[in-house]
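Scope of the values below: all heavy atoms of this structure, side chains included, with no hydrogens, waters or symmetry mates. Labels below follow one simple rule: chain letters A, B, ... track the order of the sequence lines, proteins then strands, and each chain is numbered from 1.
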Protein chains: 2
Amino acid sequence: MVHYSTSRLDASFAALSDITRRGVLEQLGRSDASITELADRFHMTLTGMRKHVGVLEHAGFVTTEKVGRVRTCKLGLRGLEAEAAWIESYRQVWASRFDALDRVVEDLKLREKRDE
Amino acid sequence: MVHYSTSRLDASFAALSDITRRGVLEQLGRSDASITELADRFHMTLTGMRKHVGVLEHAGFVTTEKVGRVRTCKLGLRGLEAEAAWIESYRQVWASRFDALDRVVEDLKLREKRDE
DNA sequence: TGAATAGTGAACCATATGGTTCAGTGTATA
DNA sequence: TATACACTGAACCATATGGTTCACTATTCA
């Protein structure tokens, strides 16, 4: 089995678990943005948004650069390759453990038993 | 753009952000296990492990059934399709926003500037 | 029946998270 | 130079998280 850096996966899955942060990634996929722009779009204070951006930065999904008084945020170099790889390996575990049809039958039996 | 259930993604990414829970998924990929077995393997109290299993259950990754005094945990019907799909869509965003080589160059420039 | 086993539920604890306000600093602009 | 703007840092707050202990119930087994 491939080795995945645990603290990295911790940080990146945690970063993705918040809907605002997923929204920020979506926004930055369309265009770079300042903290102020992101804060406005997500109805949040500058300080609050800065924290979200910090989490995304820490996870490596976003990079920022301050020019003058404006900090511009953009998608980071690193994409979601590691996370995609982890998830893909588990999809294979699932598939190898049982094929989907078998499992549906098994689940139905379980429900019947429960509802008796 | 495809629509993803937000609370579901919240729950599943949060579930995956803990190394113990990822370990439990790995273990259940090999064989079903009781709470006691999982607690032993991960050096944790029964109560602590039960909470982790609850989180995985809530995210839909695990199902459990209690027979007699033993609660057996197994991989749930639902795999990681939704998460894989979300991540894949973002990998495409990344790819469309810039190709990898351009971005490397851009990043190098940025580093040079910073180190001047 | 009695003792060991498997799990549960409540309470508790320390720390993390997601947010705010407020008082700054530094930058741009009239 | 004065004012507005973009951001930062510290402090604070409520709630969530990851863990524990302890008392308990229910089941198994000798």
Side-chain angles (χ1 to χ4, degrees), chain A residues 6-28 31-74 110 113-114, chain B residues 6-28 31-74 110 113-114:
Chain A
T6 69
S7 58
R8 175 120 148 193
L9 283 178
D10 279 15
S12 48
F13 283 130
L16 295 180
S17 74
D18 183 273
I19 189 178
T20 299
R21 287 191 294 261
R22 290 197 304 275
V24 168
L25 286 186
E26 190 172 350
Q27 171 55 43
L28 295 182
S31 66
D32 298 348
S34 68
I35 302 284
T36 297
E37 284 161 357
L38 292 173
D40 285 352
R41 172 175 288 260
F42 293 93
H43 313 105
M44 192 174 295
T45 58
L46 283 182
T47 310
M49 180 48 71
R50 183 64 181 94
K51 286 193 185 177
H52 280 304
V53 169
V55 171
L56 290 168
E57 254 183 307
H58 177 244
F61 295 143
V62 163
T63 62
T64 73
E65 195 188 8
K66 194 166 182 179
V67 174
R69 60 186 172 179
V70 177
R71 179 173 297 276
T72 300
C73 311
K74 52 182 74 176
L110 207 138
K113 202 159 118 196
R114 193 183 294 139
Chain B
T6 67
S7 57
R8 174 119 149 196
L9 283 178
D10 279 15
S12 48
F13 283 130
L16 295 179
S17 74
D18 182 272
I19 190 179
T20 298
R21 286 191 294 260
R22 289 196 304 273
V24 167
L25 286 186
E26 190 171 350
Q27 171 54 42
L28 295 183
S31 65
D32 298 348
S34 68
I35 302 284
T36 297
E37 284 161 357
L38 292 172
D40 284 354
R41 171 174 288 261
F42 293 94
H43 313 105
M44 193 174 295
T45 58
L46 283 182
T47 311
M49 180 49 72
R50 182 64 180 94
K51 286 192 185 180
H52 281 304
V53 169
V55 172
L56 289 168
E57 255 183 305
H58 178 244
F61 295 142
V62 164
T63 62
T64 73
E65 194 187 8
K66 194 167 182 178
V67 174
R69 59 184 174 181
V70 177
R71 178 173 296 277
T72 300
C73 311
K74 52 182 71 177
L110 206 139
K113 202 158 119 196
R114 192 184 294 138

Closest non-hydrogen atom pair, [X] against [Y]:
X: A/Thr45; Y: A/Ala39; answer: O-CB, 3.9 Å
X: A/Cys73; Y: A/Val62; answer: CB-CG1, 4.3 Å
X: B/Ala15; Y: B/Phe61; answer: CB-CE1, 4.1 Å

### Task
Check each of A/Arg41, A/Arg22, A/Glu37 against A/Gln27 using the side-chain hydrogen bond (donor to acceptor under 3.5 Å, both in side chains) test, and report the only one that passes.
A/Arg41

### Query
Under 3.5 Å, side chain of B/Arg21 to main-chain N/O of B/Ala14, donor-acceptor pair present?
yes

### Query
Closer to the 5' end of DNA chain C via nearest nucleotide, is it A/Thr47 or B/Lys66?
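Result of the comparison: B/Lys66.
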
Base, sugar-phosphate, or nothing for [X], non-hydrogen atoms under 4.0 angstrom?
X: A/Gly48; answer: base
X: B/Ser34; answer: sugar-phosphate
X: B/Leu46; answer: base

Could you check how far [atom1] of [X] sits from [atom2] of [N], rounded to whole Å?
X: A/His52; N: C/dT20; atom1: NE2; atom2: C1'; value: 12 Å
X: A/Asp40; N: D/dA6; atom1: CG; atom2: P; value: 9 Å
X: A/Glu65; N: D/dT8; atom1: CD; atom2: P; value: 13 Å
X: B/Phe42; N: D/dG19; atom1: CZ; atom2: P; value: 11 Å
X: A/Arg50; N: D/dG9; atom1: CZ; atom2: P; value: 8 Å
X: B/Glu37; N: C/dG7; atom1: CD; atom2: P; value: 8 Å
X: B/Leu16; N: D/dG18; atom1: CG; atom2: P; value: 12 Å
X: B/Met49; N: C/dT8; atom1: CE; atom2: P; value: 13 Å

Taking donor-acceptor contacts at under 3.5 Å, does the side chain of [X] reach the base of [N]?
X: B/Lys51; N: D/dG19; result: yes
X: A/Arg69; N: D/dC7; result: no
X: A/Thr20; N: C/dG18; result: no

### Message
Need to verify one output field. Residue with the more 5' nearest nucleotide on DNA chain D, B/Met44 or A/Thr72?
### Response
A/Thr72

### Query
Is any side-chain nitrogen or oxygen of B/Arg71 closer than 4.0 Å to OP1 or OP2 of C/dT8?
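Yes.
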
### Task
Looking only at side-chain atoms of A/Asp18, point me to the closest of C/dG18, D/dC7, D/dG18.
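In terms of side-chain proximity for A/Asp18, the closest of C/dG18, D/dC7, D/dG18 is C/dG18.
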
